[in-house]
Amino acid sequence: MSEETSKPERPVAQDPIGCKIAVLDLAQIGIRDGGTDAGRWYYNVAYRLMRQLRIRFDLQSWWHDRSMLSNRQRLLEFYSEIVLQSVSERIVIFVDEITCLEELPFADQLLGSIRAAHNARTTDPDFLRLTFVLLGECDPASLIAEPEMSPFIVAQQVVLDDFTREQINLFATELGLDKRLAEKALDRIYYWTKGQPYLTQKLARYVARSEIHGDVAAHVDHLATTQLAGRAALHSEPHMAHIHRAIVNDRKRSEALLTLYGKIRK
């Protein structure tokens, strides 16, 4: 773990819109970056944010001095003592590929630190300059269950409108098919998803990653029924897992919801 060392200093360059941006791609923090060790994984999170924001600081010594703290608390102090003290502008941190957190039993501490940073706004106005944007395809309840630690409880959800059939033509070049077959595939994808953003992109990805032999529409039908539906999808597909959880946990309406789901499925 080596990084540039000196005391925190305010950056000279000013962003024209008065905002500093950092992108934390969780898919890049893999096994070689400490993916199986909680302390090393969180150190890499902090180090990557520091690099993205161009902060010069002896992070290794600072991190080691706070080894008695939980990773959630260490990250919160990292935001307060290093990030906010070193950057004078507003800061927006994009956390991409949050689905990766499902694979790490200790990763909920990252989400907990984001919730703690939000709560800290009431006592430390400096935290008002810090905003997180969580990106990815997931069921929030599968990432963190405790309401007091979940950032999703206080987050502002960005709702995507359904794609039109014309809009999903943008996917044609990524399917690996000639123009005529790509159009047939997209017609069938739209038949199944009616443009729902997550399902449309997911089904298009399955088509792009598979070898098509024979009828294109039949191939898309097979992918839709095997990958996005059925018992296996309850465990492997976040969208279906969310629907399942919403139905079985709604005690007042579970019977009515199951009846409606049965009609849709039929």
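Not measured: the values here are computed from a predicted model.
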Is there a donor-acceptor contact under 3.5 Å from the side chain of [X] to the main chain of [Y]?
{"X": "Gln167", "Y": "Thr164", "value": "yes"}
{"X": "Arg66", "Y": "Glu77", "value": "no"}
{"X": "Glu97", "Y": "Cys100", "value": "no"}
{"X": "Arg90", "Y": "Thr131", "value": "no"}
{"X": "Asn169", "Y": "Glu166", "value": "yes"}
{"X": "Gln109", "Y": "Arg72", "value": "yes"}
{"X": "Ser80", "Y": "Leu76", "value": "no"}
{"X": "Arg129", "Y": "Ile91", "value": "no"}
{"X": "Tyr42", "Y": "Leu110", "value": "yes"}

Hydrophobic clustering (ILVMFWY, side-chain heavy atoms < 4.5 Å, transitive) - are [Y] and [X] grouped together?
{"X": "Tyr191", "Y": "Leu177", "answer": "yes"}
{"X": "Leu128", "Y": "Val83", "answer": "no"}
{"X": "Leu181", "Y": "Leu170", "answer": "no"}
{"X": "Ile114", "Y": "Val154", "answer": "no"}
{"X": "Phe106", "Y": "Leu24", "answer": "yes"}

May I have the step-by-step check of salt bridge (charged side-chain N to carboxylate O under 4.0 Å, His left out) for Asp187 and Arg165, ending in yes or no?
CA-CA 8 Å; Asp187 283 341; Arg165 173 59 187 85; 2.8 Å; yes
Counting only heavy atoms from other residues, nucleotides and ligands, does the tally under 6.0 Å from CD of Glu183 exceed 12?
no
Can you tell me how far [atom2] of [Y] sits from [atom1] of [X], rounded to the nearest 0.5 angstrom?
{"X": "Ile93", "Y": "Leu130", "atom1": "CD1", "atom2": "CG", "result": "5.0 Å"}
{"X": "Arg115", "Y": "Glu148", "atom1": "CZ", "atom2": "CD", "result": "8.0 Å"}
{"X": "Phe94", "Y": "Ile21", "atom1": "CZ", "atom2": "CD1", "result": "5.0 Å"}
{"X": "Thr122", "Y": "Phe127", "atom1": "OG1", "atom2": "CZ", "result": "10.5 Å"}
{"X": "Asp162", "Y": "Ile168", "atom1": "CG", "atom2": "CD1", "result": "11.0 Å"}
{"X": "His118", "Y": "Ser113", "atom1": "NE2", "atom2": "OG", "result": "13.5 Å"}

What's the shortest heavy-atom distance between [X] and [Y], and which atoms?
{"X": "Ala182", "Y": "Leu175", "result": "O-CD1, 4.0 Å"}
{"X": "Ile189", "Y": "Ala204", "result": "CD1-CA, 3.8 Å"}
{"X": "Gly39", "Y": "Asn71", "result": "CA-OD1, 4.0 Å"}

Any side-chain heavy atom of [X] sitting closer than 4.5 Å to one from [Y]?
{"X": "Thr225", "Y": "Trp192", "value": "yes"}
{"X": "Arg54", "Y": "Val87", "value": "no"}
{"X": "Gln60", "Y": "Asp58", "value": "yes"}
{"X": "Val220", "Y": "Lys184", "value": "no"}
{"X": "Leu59", "Y": "Phe78", "value": "yes"}
{"X": "Trp41", "Y": "Ile29", "value": "yes"}

Measuring centre to centre across the rings, with the benzene-like ring taken for any Trp, is Phe132 within less than 6.0 Å of Tyr79?
yes
Going by the rule side chain to side chain donor-acceptor pair (under 3.5 Å), which residues pair with Ser210 if we only count those two or more places apart in sequence or in a different chain?
His219
With a cutoff of under 4.5 Å between side-chain heavy atoms, which Ile, Leu, Val, Met, Phe, Trp and Tyr residues group with Ile264?
Leu260
Check whether the side chains of Arg48 and Asn44 place a donor and an acceptor atom closer than 3.5 Å, and report yes or no.
no
Tell me, please, which residues at least two apart from Asp221 pass salt bridge (charged side-chain N to carboxylate O under 4.0 Å, His left out).
Arg188
Apply side-chain contact (heavy atoms from CB on, under 4.5 Å) to the pair Gln201 and Phe171, showing each step before the final yes or no.
CA-CA 8 Å; Gln201 295 179 75; Phe171 299 155; 3.8 Å; yes
When Leu101 is tested against each of Leu111, Leu134, Val95 for side chain to side chain contact (heavy atoms under 4.5 Å, CB included), which residue passes?
Leu111
side-chain contact (heavy atoms from CB on, under 4.5 Å) assessment of Val207 paired with Leu186:
CA-CA 10 Å; Val207 172; Leu186 291 174; over 6 Å; no
